[in-house]
There are 4 protein chains.
Amino acid sequence: MAILKAALELTAEHGYAGLTIDGIAARSGTGKQTIYRWWPSKADVLLDAAATKADLFVPIPDEGSFAADLRGFLAASFVLAAKKPLADALRALMAQAQIDPEFRRRFWTAFLQRRRDALQVLLVRAQERGELPVSVESLTDVVFGVIWYRLLTDRPLDDQLADELVTLLSGRTSP
Amino acid sequence: MAILKAALELTAEHGYAGLTIDGIAARSGTGKQTIYRWWPSKADVLLDAAATKADLFVPIPDEGSFAADLRGFLAASFVLAAKKPLADALRALMAQAQIDPEFRRRFWTAFLQRRRDALQVLLVRAQERGELPVSVESLTDVVFGVIWYRLLTDRPLDDQLADELVTLLSGRTSP
Amino acid sequence: MAILKAALELTAEHGYAGLTIDGIAARSGTGKQTIYRWWPSKADVLLDAAATKADLFVPIPDEGSFAADLRGFLAASFVLAAKKPLADALRALMAQAQIDPEFRRRFWTAFLQRRRDALQVLLVRAQERGELPVSVESLTDVVFGVIWYRLLTDRPLDDQLADELVTLLSGRTSP
Amino acid sequence: MAILKAALELTAEHGYAGLTIDGIAARSGTGKQTIYRWWPSKADVLLDAAATKADLFVPIPDEGSFAADLRGFLAASFVLAAKKPLADALRALMAQAQIDPEFRRRFWTAFLQRRRDALQVLLVRAQERGELPVSVESLTDVVFGVIWYRLLTDRPLDDQLADELVTLLSGRTSP
DNA sequence: GGTTAATCGAGACGGTACGTCACGTCTTAGT
DNA sequence: ACTAAGACGTGACGTACCGTCTCGATTAACC
């Protein structure tokens, strides 16, 4: 869809602050009304665009051990977060979620919840094997907490962090 | 200062989206020019207001063990985050930091870095005692990552989370 | 025709400013395309509706004297202009004629010219009898001028005006 | 004022239908808000502009006879109506007055009533001399009725009409 | 103690984007 | 084949705030 493409491009070029409905309409060759007919706000357009891109990368590895599975999940997630345009969009969406409570719910169910579900497949599997030191819920928050905190403070998600997270959560060094 | 008070009140009443420079000026009985003379944006006004409130609560406990120190730090932080008006302001500031790169730097040094420094006093002490499973940097990100992630997704910071964090990071259950 | 009826009703209810093609289509249960197929603009719909109503009342009296004929013509015209919905429509049409030159021509030939022709039958008859103080053209403009001016300034067309017009144009008091 | 100038120019260039607040703002180098701060609608801007131009030409001659006075008044008015840009503006204002009842009142008091007052000075003087065949009110409506009717039907105000009006209203040929 | 200069509140200004309305065209089912 | 229904690109609307700017009125400092 031309509208989603325009939204991503404009965010990349001028930042989320420079993203406007007028701009999306002009760039995509549509009318503003058409955008408002399908999305309640510019953030929702961006959410749609980002969700489409990000969904392709939700892996649910099964490599025998929790440490290996977690390592795989982190690797895929870090690759995703390293894509500048996508990372910029995600940071903007999390920002908008703080400002607009309606959007926060949509962002939660359409994006955050899906990724939590993916991770929790691994975690529940590990829990059943007795490999988890603490609850699934807390571990989910720890993993996504670190990722988002690094993202939001504009600092890279590097291999060292992945290694140390695996060590911390699985009780052993990553393979 | 009447301006900081007005900014906090308006954020509490109408949300950050409803906070405007015009509104702050009207509520505080000042002219807009006066606000611009002292702060570069409405987010900076709020940052000033929030930093003043939050600084009072940065504790650096020293209770003998890393587990106990961490427990104390988390307890104080969770109490802070449970104050609705302050939490709303912090979420708004983190949001603004995503949208405005200039502000991100000011927010980092004026708020985030201070709290990281406080936590790192504990962590370095523990590290020197050989109590840390992974690097200080990663642990800092894990702790603040979880806190911010819960805050930004509008979910409470409860005792269970504190307990499990202590278990996870110190290798033993909290005292 | 349901479309003409809807146009008149909507003008009466919300004024000409509140008359829209969308509204006519919705009220009359037709598609917009159907309206555009038959009329070039909403003003033309209203013109059709008004012309149908007004044409019924164009009388061409012949009562022996110019004064009596004129009195009859004025009485019929004043009755017509006293009908609120019709008067509102006519005022709107004259307004639209000022804004849209194409429509002005259609309004002239489809409405104004017809009523001038009716009056000029009386005037030419009187002229041939030598009863007219000035030209037919000027008298036509005087009669319709007063009527329209009162209509457009939202002031009533009363008996006193009719009497004085007859006095003025026929050189004697009305019968 | 640049805004009034821009409004008149745009009306002359693109017609009243092509006159927009956006256009006036762009041409005059102001913001839209400034226009809305001082005038309630684009018609009021045009009214201000036209009233300023037209007020200069309200003559109240006193040449001894009603016929001569009326002749003078008509001559001045016809000259005014012959100015294309002004005539276009006046026709647009009368049109808008039909569509917007609030504006009708402002147009009446700010323009129409003033010109009626000017004419009525002559008429009252004549009435006191016993020169009037009918009431001042009706004669006022006849004079302005003819002028506006010709204007609104886009037909010229020529000398013949002036002569015949004088003949009709004063009972004698013009000097 | 009276005058001058700085500071303040108030708010008008040129802008940009908003979200809405209606336009006139077009596409799509359904009869 | 024609219709109602309504999505579409377009463009103007009137509003909200932005950040800058000019005003008097009020203080404060200095003569």
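Numbers restart at 1 for each chain; the letters A, B, ... are given by sequence-line order, proteins then strands. Nothing here was measured: the structure is a model prediction, and the numbers come from that model.
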query: Quick one: is dT3(F) close enough that its OP1 or OP2 comes under 4.0 Å of any side-chain N or O from Arg37(C)?
result: yes
- request: Look at Thr20(A) and dA17(E) and indicate whether a side-chain polar atom (N or O) is within less than 4.0 Å of OP1 or OP2.
  value: no
query: Counting side-chain heavy atoms from CB outward, which of dC23(E), dG19(F), dT20(E) is closest to Lys32(A)?
result: dT20(E)
field: Sole candidate of Lys42(A), Lys32(A), Arg27(A) that passes side chain to side chain donor-acceptor pair (under 3.5 Å) when paired with Asp22(A)
entry: Lys32(A)
- request: Just compare dG19(F), dG24(E), dG14(E) and give me whichever is closest to any side-chain atom of Thr30(D).
  value: dG14(E)
task: Using atom CD1 of Ile21(C) as one end and atom C1' of dG6(F) as the other, report the distance to the nearest whole Å.
output: 15 Å
- prompt: For the side chain of Asp22(A), counting heavy atoms from C-beta on, which of dC18(E), dT10(F), dT15(F) is nearest?
  reply: dC18(E)
field: From CA spacing to verdict: side chain to side chain contact (heavy atoms under 4.5 Å, CB included), Tyr16(A), Arg91(A)
entry: CA-CA 9 Å; Tyr16(A) 182 67; Arg91(A) 298 199 296 125; over 6 Å; no
- request: Figure out the CD/P separation between Gln33(A) and dT20(E), and round it to whole Å.
  value: 7 Å
message: Between P on dG24(E) and CH2 on Trp39(C), what's the gap in Å once rounded to a whole number?
response: 15 Å
query: At under 4.0 Å, does any side-chain N or O of Trp38(D) touch on OP1 or OP2 of dC13(E)?
result: yes
task: Take atom CD1 of Ile24(C) and atom C1' of dA4(F), then tell me their distance rounded to the nearest Å.
output: 16 Å
Expected output: side-chain Thr52(D) to main-chain Asp48(D) donor-acceptor under 3.5 Å: yes
